[in-house]
Amino acid sequence: MADTTVKRERGSEETNELHCEVKKTKVDDNNGGDGVGAKSQNALSGFKTSNVLSVNAREKRIVLHGKLADEDAVVILEKTPFTEDTMDQVFKGSTLKLDMKNYIYSTYQLQASPHYNEIKTTLVCPATEKHISKYKHQESFFVEETKKDYETITLPFIEDQTTFSLEWVYNILQKKAEVERIVYEDPDPDTGFILLPDFKWNQKQVDDLYLIAIVHRMNIRSLRDLTAEHLPLLVNILQKGQMTILERYSLPSSKLRVYLHYQPSYYHLHVHFTKLGYDAPGCGVERAHLLSDVIQNLQSDPQYYKNRTMYFPLREEDKLLSKFKEAGRL
């Protein structure tokens, strides 16, 4: 039977609206609360699909838009990854139906025990237009953002943003939520952070390890705000994050990708730790900036990210892209 854990979307990056991850659905008697220890129920039994937002055959994922109790909802269905320690039981407890055989090659339909057929299910409800747009397949465009563009286009856009709050971030930092998920914390108000798993990682294997370091400081929105003043914070995150992952997951720093996004999807400074070799969403060169490079750039030029021209992709329905178009910058 499934467990349901309540979470806030961070994702790919991650936003900030309340939603539920339904791996094995665990909810309380009123279908709310944190659901720990509650009886199993089907929280999605009333979901009515309106349309398919996107399908990714490679990642075995489909994203649906529909209604749940008369509210807009987004449901993400993903096949869970294989784990090495379950393979023997998968083969022993399964049946095979032959599809085709030719010489030494044959293909089958394997019917495994229901226990091994879980589908990771993420529910965003109530979903805003921004959520629906985020998960919808859209064409992307590269944006060139100069220092002036940031000051006259991007920064006013960020300051006017009211669609998403950062309440979920503050809940973590103030220990009002997800306390049991914290892997490490440095409580220093200037150089400290909280390290916890990203919800894209099921924590069952290290091959797709994904953790997020969220800084305690409230006044750093993104890469653009960083100066040499923040070097102690950045070095602390890099060193202690790597040390914690080595001690907890036996992964050395040589097997980690540590980076920041620009643009980020929520404007409170955070750092991504993923296993090298895992094709994590947003880890490409068009969006990810290695933390080690960020540190070296600020050591060379204390105002590096204040002054440089930045390049990043935006999707066709992104409101920030519209702002750049209106300003004649695209």
Side-chain angles (χ1 to χ4, degrees), residues 8 10-14 16 166 168-175 177-179 181-201 203 206 208-276 278 280-285 287-306 308 310:
R8 299 237 178 216
R10 313 189 195 18
S12 154
E13 252 188 59
E14 320 36 48
N16 48 27
L166 290 174
W168 71 270
V169 174
Y170 304 147
N171 283 343
I172 291 173
L173 296 176
Q174 296 166 13
K175 307 292 181 59
E178 304 189 40
V179 177
R181 303 183 70 250
I182 294 175
V183 172
Y184 174 82
E185 179 181 12
D186 180 337
D188 188 280
D190 292 319
T191 62
F193 63 98
I194 284 178
L195 183 69
L196 73 169
D198 187 275
F199 276 103
K200 288 185 287 296
W201 183 36
Q203 303 180 62
V206 297
D208 55 347
L209 176 138
Y210 198 145
L211 296 106
I212 299 288
I214 302 176
V215 305
H216 281 297
R217 291 183 63 164
M218 303 288 190
N219 60 346
I220 314 175
R221 288 168 292 209
S222 74
L223 204 58
R224 280 290 194 188
D225 289 333
L226 294 174
T227 66
E229 172 205 346
H230 303 109
L231 282 170
L233 167 65
L234 301 176
V235 171
N236 191 48
I237 292 172
L238 181 62
Q239 292 179 346
K240 290 184 178 176
Q242 290 175 334
M243 179 183 66
T244 300
I245 292 172
L246 175 62
E247 293 174 351
R248 179 111 176 212
Y249 305 107
S250 301
L251 280 180
S253 60
S254 59
K255 292 186 178 182
L256 295 178
R257 181 194 295 114
V258 187
Y259 57 97
L260 299 86
H261 281 147
Y262 192 79
Q263 290 281 326
S265 58
Y266 58 95
Y267 291 96
H268 180 104
L269 191 72
H270 55 285
V271 177
H272 303 256
F273 288 77
T274 63
K275 185 178 184 295
L276 194 63
Y278 167 48
C283 71
V285 296
R287 193 176 176 200
H289 298 256
L290 292 175
L291 179 55
S292 55
D293 285 343
V294 173
I295 291 171
Q296 290 187 53
N297 289 336
L298 291 174
Q299 288 171 337
S300 300
D301 179 357
Q303 299 291 315
Y304 183 87
Y305 292 101
K306 295 283 189 182
R308 72 157 288 180
M310 303 286 284

Just verifying a value: how many Å separate [X] [atom1] and [Y] [atom2], rounded to the nearest 0.5 Å?
{"X": "Leu251", "Y": "Leu211", "atom1": "CG", "atom2": "CG", "value": "10.0 Å"}
{"X": "Leu166", "Y": "Trp168", "atom1": "CG", "atom2": "CH2", "value": "8.0 Å"}
{"X": "Ser222", "Y": "His289", "atom1": "OG", "atom2": "NE2", "value": "10.0 Å"}
{"X": "His270", "Y": "Leu195", "atom1": "NE2", "atom2": "CG", "value": "13.0 Å"}
{"X": "Gln303", "Y": "Arg308", "atom1": "CD", "atom2": "CZ", "value": "14.5 Å"}
{"X": "Asn219", "Y": "His268", "atom1": "CG", "atom2": "NE2", "value": "9.0 Å"}

Test item: [X] and [Y] side chains (from C-beta on) under 4.5 Å apart, heavy atoms:
{"X": "Trp201", "Y": "Thr274", "answer": "no"}
{"X": "Ile172", "Y": "Arg181", "answer": "no"}
{"X": "Asn236", "Y": "Asp188", "answer": "no"}
{"X": "Ile245", "Y": "Lys255", "answer": "no"}
{"X": "Val258", "Y": "Ile237", "answer": "no"}
{"X": "Lys275", "Y": "Asp208", "answer": "no"}
{"X": "Phe199", "Y": "Tyr210", "answer": "no"}
{"X": "Phe193", "Y": "Val271", "answer": "no"}

key: Partner set under side chain to side chain contact (heavy atoms under 4.5 Å, CB included) for Gln239, not counting sequence neighbours   = Val235
ask   = Once the angle between the rings of His272 and Tyr259 is folded into 0 to 90°, is it parallel (under 30°), tilted (30 to 60°) or perpendicular (over 60°)?
value =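 The rings of His272 and Tyr259 lie parallel, inter-plane angle below 30°.
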message = Listing request: all salt bridge (Lys or Arg N to Asp or Glu O under 4.0 Å) pairs with a residue in residues 212-237, at least two apart in sequence or in separate chains.
response =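 Checked against salt bridge (Lys or Arg N to Asp or Glu O under 4.0 Å) - neighbours excluded - the pairs reaching residues 212-237 are Glu145-Arg224, Glu159-Arg221, Arg217-Glu229, Arg221-Asp225.
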key: side chain to side chain donor-acceptor pair (under 3.5 Å) contacts touching residues 241-254 (sequence neighbours left out)   =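 The answer is none; no pair qualifies.
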Distance-minimising heavy-atom pair for Tyr262 and Met310 = CD2-CE, 3.7 Å
query = Which pair of non-hydrogen atoms, one from Leu226 and one from Leu298, has the smallest distance, and what is that distance?
reply =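 Of all heavy-atom pairs spanning Leu226 and Leu298, the closest is O-CD2, 3.8 Å.
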